[in-house]
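Excluded from the calculations below are hydrogen atoms, water molecules and symmetry mates; all remaining heavy atoms, backbone and side chain alike, are included. Order of listing sets the numbers, starting from 1, for every ligand and every atom in it.
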Amino acid sequence: MRFALVLTTLALAACLLAWILWSRPVPHPEPVDVMPAGESGSGVSTSLSAPQEFLGATACRDCHPEMFAGFSQTAHHRTSLLPSPETMLGTFPAVMRTANPDLHFELEQTENGFFQAAVGFRNGRSDRQRQRIDLILGSGKLGQSFLYWRTNRFGEHELFQLPVSYVTPSDKWENSPGYNDGQADFERVIQPRCLECHTTWFGSSDPPRPGVNAFDRERFVLGISCEKCHGPGLAHVTYHREHPEDQNPRHITQPGSLPPQRQIELCSLCHSGAGIPLKPAFSYRPGAPLEEFLELPPYAEQNRIGVHSNNQVARLSKSRCFQETDGMTCTTCHDLHRFERGDLAVFSQRCLQCHQIEMSGTHRALGAQVNDNCIDCHVLKHEDKKTPFETPEGTFYVQMRDHLIGIYPAASAAYLKQHGLESATK
Ligand code: HEC
Ligand code: HEC
Ligand code: HEC
Ligand code: HEC
Ligand code: HEC
Ligand code: HEC
Ligand code: HEC
């Protein structure tokens with residue numbers, strides 16, 4: 001079938017919006033450790049040849065082992081991966097049929113890697129186009145999309161998106177978001193901003209040419225690693241290796257000691273929608289004023305619920321919790337060094353830093369029964385109705401938490417009913 005959707009935003013935004021279409025929530029998967037056994041192996045966060053400043057997360061492991069262990073379970077760490085049997089979630093070999101009887105896709109695995117092939121008939125002749133999966137984007141909470149390298153006539157390396165994606169909830173291969181069913185499109189070019197949000201660092205072609213989205217195939221750091229939030233680690237690591245006696249941290253950014261606005265801007269770099277880049281990708285450093293690097297999307301666009309448009313910043317900042325405290329940030333509730341998805345008791349503990357259970361409207365009737373879940377009554381899940389995703393099984397919508405924390409009587413009633421507690425309030 002077809003996506004009857006008109007994407008009228010900027011070319012870049014269109015790229016992103018595409019993704020919104022197909023994302024569906026997944027039951028919380030178990031955290032997986034994908035680090036290989038070998039000492040030198042840096043697993044999913046590998047850099048083929050580490051660049052000068054950015055070292056990758058394994059460079060932090062020896063001195064911060066607990067932080068490293070927790071972080072390596074997170075979606076941030078796993079959001080960009082090199083293909084391997086461990087990182088590839090979909091099954092090979094497989095065939096994906098389309099509504100077009102003359103076109104199907106084959107997912108193949110050979111000793112040279114994983115491939116997507118479009119097999120069909122064009123102009124009366126059989127036609128086959130095949131590309132290798134060179135890079136995976138997406139931790140697989142919702143799914144994985146795939147990129148491949150192509151060298152242009154100037155010898156520069158460009159990245160393109162592949163037409164088939166893997167969808168976690170259905171455990172199926174599907175048309176990549178925004179791609180028309182029954183067509184084979186291998187020409188969607190990857191913009192730097194896509195990699196800025198899904199990797200730590202990517203080298204560009206040397207010298208960069210304006211308007212050309214060419215990258216360095218050898219020098220990159222995958223995952224949203226420690227250094228994305230703490231700044232490049234070379235000086236810090238070098239210093240502390242040479243001065244093991246010095247326990248005062250040097251040459252590294254601790255976001256927790258930045259002003260709250262600057263802390264939130266670090267998250268806004270990627271959690272406020274694409275916006276318009278004002279400086280080259282990967283030039284922002286934590287602690288800098290984000291407005292010099294990025295023009296954020298208009299408020300109405302930020303205020304929408306969706307994978308690539310959900311602006312936790314815009315919604316949270318309208319909440320009384322945010323407005324009536326000093327210095328609430330994203331890390332008031334989120335620990336970036338742990339996998340906490342779905343652990344509503346842990347999130348509720350964060351609410352109880354400022355609130356007492358007695359404050360909840362339901363407490364009089366229910367007592368501490370609701371202690372472990374403030375979330376389902378006050379931080380609601382909403383579907384993104386504007387972006388339906390059509391599949392043979394029906395229409396699906398993105399479900400995300402609305403960071404506008406508030407009092408929602410209907411949701412509260414539904415929660416009580418679902419848990420057989422309604423009589424307690426009568
Ligand atoms: C050779 C040991 C060593 C390595 C490797 C190392 N650090 Fe550190 N780091 C330290 C020491 C020592 C401190 C200060 C004591 C502490 O906070 O644990 C520190 C503190 C920190 C702090 C807290 C800063 C503050 O102001 O409180 C951060 C953030 C940090 N390191 C990040 C990193 C990152 C990111 C990496 C990898 C790129 C890394 N470290 C690698 C030794 C190291
Ligand atoms: C402005 C930053 C930004 C840009 C640009 C961006 N993404 Fe994302 N992407 C995100 C964020 C943030 C999420 C996760 C939202 C969530 O989980 O709440 C996400 C989620 C995803 C996911 C789902 C991952 C999963 O399993 O949960 C995929 C796949 C993805 N993006 C692919 C892409 C591709 C391909 C591009 C470029 C063509 C792109 N994104 C551009 C920020 C961005
Ligand atoms: C997505 C952003 C992000 C990533 C990725 C990240 N951190 Fe942090 N880190 C923060 C923020 C924000 C703080 C301050 C608030 C807090 O303590 O949670 C922090 C605090 C720290 C501290 C100081 C903790 C303390 O109690 O003094 C250390 C050390 C640290 N991080 C190391 C690391 C290491 C090592 C990695 C990778 C293995 C890493 N971080 C990955 C954002 C991040
Ligand atoms: C470089 C871009 C980038 C930055 C900076 C960033 N994030 Fe993310 N974040 C992402 C992407 C991309 C995902 C989706 C990863 C996936 O599932 O593939 C994500 C996912 C998340 C999730 C969902 C995790 C889950 O398991 O469901 C949380 C929570 C989150 N980020 C919080 C933060 C906070 C808080 C900050 C600021 C300290 C921050 N992020 C900084 C890009 C970023
Ligand atoms: C940093 C402190 C802080 C944290 C953490 C916090 N809040 Fe609040 N919250 C406040 C303050 C201050 C107010 C406004 C005064 C009041 O009602 O107590 C408020 C108001 C509220 C309200 C009333 C909203 C309204 O529109 O009238 C609710 C409901 C609420 N919080 C729930 C939560 C939940 C649920 C969490 C955890 C997900 C949470 N809060 C986390 C400080 C906080
Ligand atoms: C008052 C607590 C609180 C604050 C502050 C907060 N969050 Fe959340 N956030 C939550 C809860 C609760 C969830 C749902 C967690 C779950 O279901 O696993 C969540 C989920 C998320 C997710 C996963 C996608 C989704 O919608 O389920 C992302 C991404 C995220 N938060 C980013 C942020 C960012 C960025 C900030 C700062 C602007 C922030 N959060 C501030 C409580 C908070
Ligand atoms: C079953 C749904 C439900 C759960 C669970 C729940 N609340 Fe509430 N809460 C409500 C409703 C409904 C109100 C408003 C009615 C009232 O105040 O009588 C409310 C009111 C509040 C207020 C505002 C009180 C005021 O006077 O403005 C706060 C703060 C609050 N809740 C915090 C929490 C915290 C913290 C938790 C978890 C420990 C929690 N709630 C769990 C339904 C719930």
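For ligand 2, the polar-atom distance check against Met400 finds no nitrogen or oxygen pair separated by under 3.5 Å. In terms of N/O distances under 3.5 Å, ligand 2 is approached by His198. Between Cys194 and ligand 2, no pair of N/O atoms sits closer than 3.5 Å. The shortest N/O to N/O separation between Arg401 and ligand 6 falls below 3.5 Å. Considering both main-chain and side-chain atoms, Gln312 never comes within under 3.5 Å of ligand 6 through any nitrogen or oxygen pair. Inclusion of His76 in the set of residues having an N or O under 3.5 Å from an N or O of ligand 3 is not warranted. Backbone and side-chain nitrogen or oxygen atoms of Leu137 are examined, and none is located within less than 3.5 angstrom of a nitrogen or oxygen of ligand 2. Considering backbone and side-chain atoms together, His308 places an N or O closer than 3.5 Å to an N or O of ligand 2.
Atom numbering of ligand 2 starts at 1 in the shown order; those under 4.0 Å from a heavy atom of Cys270 are 1 (C), 2 (C), 12 (C), 42 (C). Short contacts between ligand 3 and Gly256, defined as distances under 4.0 Å to a heavy atom of the residue, involve ligand atoms 14 (C). Distances below 4.0 Å separate heavy atoms of Ile224 from the following atoms of ligand 3: 5 (C). Which parts of ligand 2 touch Gly273 is read off a 4.0 Å heavy-atom cut-off, strictly below it: atoms 1 (C). Listed by number with element, the atoms of ligand 6 under 4.0 Å from a non-hydrogen atom of Ile375 are 12 (C). Residue Arg341 approaches ligand 6 through these ligand atoms, each under 4.0 Å from one of its heavy atoms: 18 (O). Atoms of ligand 2 found under 4.0 Å from any heavy atom of Leu142, numbered from 1 in the order shown, are 25 (C), 26 (O), 27 (O). Of all atoms in ligand 2, listed by their number and element, those nearer than 4.0 Å to a heavy atom of Gly140 are 25 (C), 26 (O). Heavy-atom proximity to His271, at under 4.0 Å, picks out these atoms of ligand 2: 12 (C). The distance from ligand 2 to the heavy atoms of Arg193 drops below 4.0 Å at these ligand atoms: 1 (C), 5 (C). Those atoms of ligand 3 that come under 4.0 Å of a heavy atom in Thr331, given as number and element, are 12 (C). Close approach to Ile405 involves these atoms of ligand 6, each under 4.0 Å from a residue heavy atom: 1 (C).
Atom 34 (C) of ligand 3 has its closest protein heavy atom at Cys226 SG, 3.5 Å. Gln254 OE1, 3.6 Å is the protein heavy atom nearest to atom 13 (C) of ligand 3. Cys229 CB, 3.3 Å is the protein heavy atom nearest to atom 43 (C) of ligand 3.
Under the rule for a side-chain contact (heavy atoms from CB on, under 4.5 Å), the partners of Cys229 that lie at least two apart in sequence or sit in another chain are Leu266.
Heavy-atom neighbours of Gln353 CD from other residues, nucleotides or ligands within 6.0 Å: above the threshold of 12.
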Between Phe92 and Phe114, is the side chain to side chain contact (heavy atoms under 4.5 Å, CB included) condition met? List the steps. CA-CA 8 Å; Phe92 291 82; Phe114 300 89; 3.5 Å; yes

Assess the residue pair Thr168 and Leu142 against the criterion (side chain to side chain contact (heavy atoms under 4.5 Å, CB included)); give the C-alpha distance rounded to whole Å, side-chain angles, the decisive distance to 0.1 Å, and a yes or no. CA-CA 5 Å; Thr168 305; Leu142 303 163; 5.7 Å; no

Would Leu162 and Leu147 satisfy side chain to side chain contact (heavy atoms under 4.5 Å, CB included), going step by step from the backbone distance to the final call? CA-CA 6 Å; Leu162 284 161; Leu147 315 184; over 6 Å; no

Determine, step by step, whether Asp185 and Asn180 satisfy the side chain to side chain contact (heavy atoms under 4.5 Å, CB included) criterion, reporting the C-alpha distance in whole Å, the side-chain angles of both residues, the deciding distance to 0.1 Å, and the verdict. CA-CA 9 Å; Asp185 179 2; Asn180 288 333; over 6 Å; no

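Atom 11 (C) of ligand 3 is approached by the protein to below 4.0 angstrom, counting heavy atoms only. For atom 17 (O) of ligand 3, the nearest protein heavy atom lies 4.0 Å away or farther. By the definition of a contact as any protein heavy atom under 4.0 Å away, atom 26 (O) of ligand 3 is not in contact.
Between Cys351 and Ile375, the closest heavy-atom pair is SG-CD1, 4.2 Å. The two atoms that bring Arg341 and Ala75 nearest to each other are NH2-CB, 3.7 Å, heavy atoms only. In terms of heavy-atom proximity, Leu103 sits nearest to Thr98 at O-OG1, 2.8 Å.
By the criterion of a heavy-atom distance under 4.0 Å, neither the backbone nor the side chain of Thr74 is placed next to ligand 3. Proximity of His337 to ligand 3, defined as any heavy-atom pair under 4.0 Å, is confined to the side chain (atoms from C-beta onward). Here Val313 has heavy atoms under 4.0 Å from ligand 6 in both its backbone and its side chain. When heavy-atom distances to ligand 6 are checked against a 4.0 Å cut-off, Thr329 comes that close only through its backbone atoms N, CA, C and O. At a heavy-atom cutoff of 4.0 Å, ligand 3 is contacted by the backbone of Ser225 but not by its side chain. Residue contacts with ligand 6, taken as heavy atom pairs separated by less than 4.0 Å, do not involve Lys381 at all.
Between the side chain of Ser84 and the main chain of Thr87, a donor-acceptor pair closer than 3.5 Å is present. Gln191 contributes no side-chain N or O that, together with a main-chain N or O of Arg193, makes up a donor-acceptor pair within less than 3.5 Å.
For the residue pair Thr79 and His198, a side-chain donor N or O sits within less than 3.5 Å of a side-chain acceptor on the partner. Under 3.5 Å, the side chains of His230 and Thr253 contain no donor-acceptor pair of N or O atoms.
Using bins of under 30°, 30° to 60° and over 60° for the plane-to-plane angle, the ring pair His243/Tyr239 lands in the parallel bin.
In this structure the side chain of Ile136 never reaches within 4.5 angstrom of the side chain of Tyr166, judged on heavy atoms.
Distances from atom 8 (Fe) of ligand 6 show that Cys330 has no N/O/S atom below 2.8 Å. Here His403 meets the criterion, with an N, O or S atom under 2.8 Å of atom 8 (Fe) of ligand 6.
The pair Asp181-Arg97 does not meet the salt-bridge criterion, since no charged nitrogen lies less than 4.0 angstrom from a carboxylate oxygen. At a threshold of 4.0 Å, the pair Lys228-Glu196 does not count as salt-bridged, since none of the basic side-chain nitrogens sits closer than that to a carboxylate oxygen. Note on Arg250 versus Glu242: no salt bridge recorded, every NZ/NE/NH1/NH2 to OD/OE distance being 4.0 Å or above.
Residue nearest to atom 35 (C) of ligand 3, selected from Cys60, Pro286, Gly56: Cys60 (by heavy-atom distance). The closest heavy-atom contact to atom 9 (N) of ligand 3, among the options Glu66, His64, His230, Met67, comes from His230.
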Show me, pair by pair, the donor-acceptor contacts under 3.5 angstrom made by side chains of residues 327-334, not counting sequence neighbours?
{"residue": "Thr329", "atom": "OG1", "partner": "Thr331", "partner atom": "N", "Å": "3.2"}
{"residue": "Thr329", "atom": "OG1", "partner": "Thr331", "partner atom": "OG1", "Å": "3.0"}
{"residue": "Thr332", "atom": "OG1", "partner": "Thr329", "partner atom": "N", "Å": "3.0"}
{"residue": "Thr332", "atom": "OG1", "partner": "Thr329", "partner atom": "O", "Å": "3.0"}

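Taking 4.0 Å as the cut-off, Gly342 counts as a neighbour of ligand 6 on heavy-atom distance.
Arg78 forms no cation-pi arrangement with Phe339, by the criterion of a distance under 6.0 Å to the ring centre and an angle within 45° of the ring axis.
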